[in-house]
> 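Please see the structure below; I have some questions.
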Amino acid sequence: MSISERLDKMDYGPAPESAAEALEWIESRGGIAGHFIDGTFGILRDDMTLNNPATGERLAGLTKGTADEVASAVKAARKAQPEWAKDGAARARVLYAIARLMQKHARLLAVMETLDNGKPIRESRDIDIPLTIRHFYYHAGMAQLMEDEMPSREAIGVCGQIVPWNFPLLMLAWKIAPALAMGNTVVLKPAEYTTLTAMIFAEICQEAGVPAGVVNIVTGDGETGQHIVDADVDKIAFTGSTAVGRRIRKTTAGSGKALTLELGGKSPYIVFDDADLDSAVEGLVDAIWFNQGQVCCAGSRLLVQESVAERFYAKLKRRMDGLRIGNPLDKCIDVGAIVDPIQLAQITKMVSENSEGETYHAACDMPEGGCYYPPTLITGLSPSAALMQEEIFGPVLCATTFRTPAEAVQLANNTRYGLAATVWTENVNLALDIAPKLVAGVVWVNATNLFDAAAPFGGVRESGFGREGGLEGLMAYTKPKAKGKALSKVEAFTGSDAGSDPIDRTAKLYIGGKQARPDGGYSKAVYSKKGEKLGDVSLANRKDIRNAVEVAQGANAWGKTTGHLRAQILYYMAENLSARASEFAKRIDAMTGKNGGKAEVEASLNALFTYAAWADKWDGAARGVPIKGIALAMKEPVGVIAALCSDDMPLLGLVKPMGASMAMGNRCILAASEPFPLAATDFIQVLETSDVPAGVVNILTGSHIELAPHIAAHNDVDAVWSQSSSSVSAVIEANSTGNLKRTWVNNGQSVEITTRDYLSAATETKTVWVPYGE
Ligand code: NAI
């Protein structure tokens, strides 16, 4: 036999990691996973079962947390929080100790994760556990630096955290490390399929000196999760399915609870004809067969340039056939078990219901028993096929082809999700041209599924909102130190029309660069404090909102202009407002019955100058990630922002959200102060003389309560802000679930909002990873 024949016949022998230590650990803890509350393990009830998906064997029982048990965990967290928030340096020591102890127990953690979840030990050992540890180290540093770097912010309080089963310990770390670093305490629920590493983590907390009540773990299923959502917590951080995320948004609406959602995806993986195809194939192994494709940001939609498609598919199939699927504890295994029979049935059903294209299952040996699904490629799907649109959450890659870069971008963005995207090309110009055009929170260039504690991760559209990692992630675990005051409704004055001008001068709406009559044809009079009529304003309705959204969407070229140009327009606006300063001041005084008009106009000019100044300075950052290459945290506009403006500051309340939105490249729809709308309608003339492109700023007048639900429910509005004194916060949050738009509402509190708060709300962070070198 020649050497090459021998090499062809060589195969990997089994190299299993021993499960003995992990199984002993479970046994020694009574064979049941249960709550860790106030620093101690309490009740152990065998309510549910945790199985090993690779064998179907029972690993342990699981206690299902009740509402009372959740409440006692929240109580413990509440009690511990003030003390924990006091000393960042002390928190840093504790987080550091956790990281060190996790290193010490890394092997036990990796084996337990694989037993519980079915992921290959290669992944839990080399990816999940090291990234988890890195997260605690990084956030130990953040705790240390908080006081110096974030002097105006403080902990939110008690955070309810709900994590999924695909990266049980890593997701726990993504939630707990930043929360603790910023001085919050937590009540976390692991997923019902995968709870065991969280139990080891609880022991590590005891060993690391985490004070009682700072970390509480409540075990259970979705019902227990719902109890956490309903409990007296200050924030909910959720990772999981879009359906549950949506439900949580709805149930927390109006509660004042902060919310971050990291949901599903259908991330495109784009291969251009000049890509290094072999590397792109290898990348796909990490994109869609990593963790059996049970990854929210899995590169599950392959878009390959037509000219190389056949060659690429052939290479890919060859690579798929070489994947080894089987016992996840075996160190030579590439693809492990699906987490649970329910998930396996779901994947099987979705694939079997598809009748389009060509389905290829890898010709690898399938293990007997257990929850396994073969690596699968489905080519020739139309962009609208269910499998191209729906998240499968399994090792199934769906593919189609494109001809031009423009078509690639269009196909890539043809999804309700926006979590991640991958681009393969040897042409750096093409890569850096495409990356900003992709609607996604993360873009990998010539790489895929890279993560790091310093690099923000999170989505847009129905992939959720908020970022985890980096400084951006910490914003979601802090709030301004300034305390709010209860906001009472600012009422319009009443009066009589006697003696007023008989000629109709009803101020119109401003939509798409034109003054527009309201669709409903209704108007209302505005009176001074003394009851004199000052004018009439239009009452906008749902149709006017639709018109405004349509033109605002059409004005998306604004987002592609330079910060320099946007600054020029804002300065010009200030110049034009300044020329009419006394007229505006008088109008404000007449409407409000006070004499703050002059100061408000001055403050508005100042705001315009401030946002003009920031237009070309609110930069992204290059993050220090441990790879050879860069991770750019880029700032992008959110899109179309609708703002219900503050009622008591008729001009300043309009100029601030407008200035911030415009400066950052957004288009805005502003619902003017309800009781004092005439400063906004006068401002239309300033807009008309300031070179603002049509559709970039739109002004509506009318009742906030009537406008709010329609604005919030519109699926082409990307964010809704409210500083209104009407009770609209709950309505806005509850109606925002359609496209899961970002909401930023005052919850009936008047809080001082800083320029940075506005700029943060007006931008999304996109993290672009570009590895380079050999
Ligand atoms: P899920 O969203 O139901 O579960 C995730 C977590 O939420 C678990 O801890 C669960 O107990 C909890 N949960 C469930 N219902 C809840 C409720 N009403 N209130 C509060 N917490 C609740 O996801 P599931 O059913 O495990 O998987 C279904 C599909 O969701 C998957 O096929 C996949 O498409 C997607 N998914 C996405 C994940 C991601 O990372 N984006 C992770 C897990 C699932």
Side-chain angles (χ1 to χ4, degrees), residues 33 47-48 50 53 62-65 67 70 116-117 119 128 160-172 174-175 187-195 198 217-231 233 236-252 257 259-267 290-298 300 338-351 371 373 386-387 389-396 416-420 441-442 449 451 457-459 461-466 468 737 740:
D47 299 327
M48 299 170 75
L50 292 167
L62 179 71
T63 309
K64 178 173 159 165
V70 168
D116 208 8
N117 167 281
K119 63 175 68 205
D128 293 58
Q161 307 183 313
I162 298 163
V163 295
W165 40 261
N166 50 350
F167 295 92
L169 192 65
L170 185 58
M171 288 302 105
L172 172 149
W174 279 26
K175 297 277 178 282
V187 176
L188 176 133
K189 189 192 82 63
E192 53 270 44
Y193 301 147
T194 52
T195 298
I217 293 176
V218 176
T219 57
D221 60 6
E223 253 179 72
T224 310
Q226 188 62 53
H227 295 321
I228 294 180
V229 172
D230 295 338
V233 294
I236 294 288
F238 172 78
T239 299
S241 61
T242 296
V244 173
R246 207 171 246 133
R247 209 167 136 176
I248 293 176
R249 168 69 296 179
K250 207 147 220 156
T251 36
T252 55
K257 288 174 191 168
L259 178 65
T260 45
L261 298 175
E262 204 268 274
L263 309 174
K266 190 78 187 175
S267 298
F290 168 50
N291 201 18
Q292 296 69 250
Q294 303 166 123
V295 182
C296 49
C297 52
S300 53
I338 302 294
V339 72
D340 188 85
I342 294 178
Q343 284 295 312
L344 179 62
Q346 170 74 0
I347 298 164
T348 312
K349 180 167 176 277
M350 286 183 83
V351 175
C371 255
Y373 195 88
L387 290 189
Q389 293 294 331
E390 300 304 324
E391 185 175 44
I392 302 173
F393 228 64
V396 183
R416 60 197 172 99
Y417 296 112
L419 193 49
V442 184
N449 275 342
F451 310 100
F457 180 91
R461 293 184 174 167
E462 292 181 39
S463 293
F465 43 76
E468 296 187 293
T737 54
L740 283 168

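Atom set for the values below is all heavy atoms of this structure, side chains included, hydrogens, waters and symmetry mates excluded. Read the numbers this way: they start at 1 and go in the same order the structure lists the ligands and their atoms.
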> Counting only heavy atoms closer than 4.0 Å, does ligand 1 sit against the backbone of Gln346, its side chain, both, or neither?
neither
> Under 4.0 Å and counting heavy atoms only, is there anything from the protein next to atom 4 (O) of ligand 1?
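Given the 4.0 Å cut-off, atom 4 (O) of ligand 1 does not count as touching protein heavy atoms.
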> Look only at interatomic distance and state if Gly240 has a nitrogen or oxygen under 3.5 Å from any nitrogen or oxygen of ligand 1.
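Yes.
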> Report the nearest protein non-hydrogen atom to atom 35 (C) of ligand 1: residue, atom name, distance rounded to 0.1 Å.
Ser241 CB, 3.7 Å
> Can you report which non-hydrogen protein atom sits closest to atom 34 (O) of ligand 1, along with the distance?
Glu391 OE1, 3.0 Å
> Look at the aromatic rings of Phe290 and Phe167 and report parallel, tilted or perpendicular, splitting at 30° and 60°.
tilted
> Would you call Val187 and Val218 a side-chain contact if the rule is heavy atoms closer than 4.5 Å?
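Side chain of Val187 against side chain of Val218, heavy atoms only: contact under 4.5 Å found.
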> Do Cys297 and Phe451 come within less than 4.5 Å of each other through their side chains, counting heavy atoms only?
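Yes; the side chains approach each other to less than 4.5 Å.
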> Looking at atom 26 (O) of ligand 1, what's its closest protein heavy atom, distance included?
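For atom 26 (O) of ligand 1, the nearest protein heavy atom comes out as Trp165 NE1, 2.5 Å.
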> Note the single closest protein heavy atom to atom 11 (O) of ligand 1, along with its residue, its atom name and the distance in Å.
Glu192 OE1, 2.6 Å
> Tell me the protein heavy atom at minimum distance from atom 16 (C) of ligand 1, and give that distance in Å.
Val244 CG1, 3.4 Å
> Report yes or no: does a heavy atom of Phe238 sit under 4.0 Å from some atom of ligand 1?
yes
> Are the side chain of Gln294 and the backbone of Asn291 linked by a donor-acceptor contact shorter than 3.5 Å?
yes
> Asp116 side chain to Thr195 main-chain N or O, any donor-acceptor pair under 3.5 Å?
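Yes; at least one donor-acceptor contact below 3.5 Å.
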> How far is atom 25 (O) of ligand 1 from its nearest protein heavy atom, and which residue and atom name does that atom have?
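The closest one turns out to be Gln343 NE2, 4.6 Å.
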> Nearest non-hydrogen atom to atom 13 (N) of ligand 1 belongs to which of Ala191, Gly222, Pro164?
Gly222
> Taking all atoms of both residues into account, what is the closest heavy-atom pair of Pro395 and Ile347, and its distance?
CD-CD1, 4.3 Å
> Applying ring pair (Phe, Tyr, Trp, His ring centres under 6.0 Å), name anything that partners Phe393, two or more places apart in sequence or on another chain.
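In terms of ring pair (Phe, Tyr, Trp, His ring centres under 6.0 Å), with neighbours along the sequence ignored, Phe393 is linked to Trp165.
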> Would you check whether Ile392 has a nitrogen or oxygen atom less than 3.5 angstrom from a nitrogen or oxygen atom of ligand 1?
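Between Ile392 and ligand 1, no N or O pair is found under 3.5 Å apart.
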> Considering only protein heavy atoms, which is closest to atom 33 (C) of ligand 1, and at what distance to one decimal place?
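The closest heavy atom on the protein side is Phe393 CG, 3.3 Å.
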> Would you mind running through ligand 1 and noting each atom that sits below 4.0 Å from a heavy atom of Cys296?
39 (C), 40 (O), 41 (N)
> Which option out of Gly160, Gly220, Gly225 puts a heavy atom nearest to atom 20 (C) of ligand 1?
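Among Gly160, Gly220, Gly225, the closest heavy atom to atom 20 (C) of ligand 1 comes from Gly225.
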> Quick one: are Ser300 and Glu391 in side-chain contact, heavy atoms under 4.5 Å?
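They are not in contact (no side-chain heavy atoms under 4.5 Å apart), so the answer is no.
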> Which ligand 1 atoms are under 4.0 Å away from a heavy-atom of Ile162?
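Listed by number with element: 6 (C), 7 (O), 9 (O), 12 (C), 20 (C), 21 (N).
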> Can you name the nearest heavy-atom pair linking Thr239 to Glu468, along with the distance?
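Nearest pair, atom of Thr239 first, then Glu468: OG1-OE1, 4.1 Å.
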> Shortest non-hydrogen contact from Asn166 to Val295?
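Reported closest heavy-atom pair: ND2-CA, 4.0 Å.
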> Pairs under 3.5 angstrom only: tabulate donor-acceptor contacts from the side chains of residues 243-251 to other protein residues two or more places apart or in another chain.
residue : atom : partner : partner atom : Å
Arg246  : NE   : Thr737  : O            : 2.8
Arg246  : NH2  : Glu462  : OE1          : 2.8
Arg246  : NH2  : Gly738  : O            : 2.8
Arg249  : NH1  : Thr743  : OG1          : 3.3
Arg249  : NH2  : Thr252  : OG1          : 3.3
Arg249  : NH2  : Glu733  : OE1          : 3.3
Thr251  : OG1  : Arg247  : O            : 2.9
Thr251  : OG1  : Ile248  : O            : 3.3

> What is the nearest protein non-hydrogen atom to atom 18 (N) of ligand 1, stated with its residue, atom name and distance?
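So the nearest neighbour among protein heavy atoms is Gln226 OE1, 3.2 Å.
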> So does Leu263 get a backbone contact from the side chain of Ser463, meaning a donor-acceptor N/O pair under 3.5 Å?
no
> Answer side chain, backbone, both or neither: which part of Leu263 comes under 4.0 Å from ligand 1, heavy atoms only.
backbone
> Is the closest N or O pair between Val163 and ligand 1 shorter than 3.5 Å?
yes
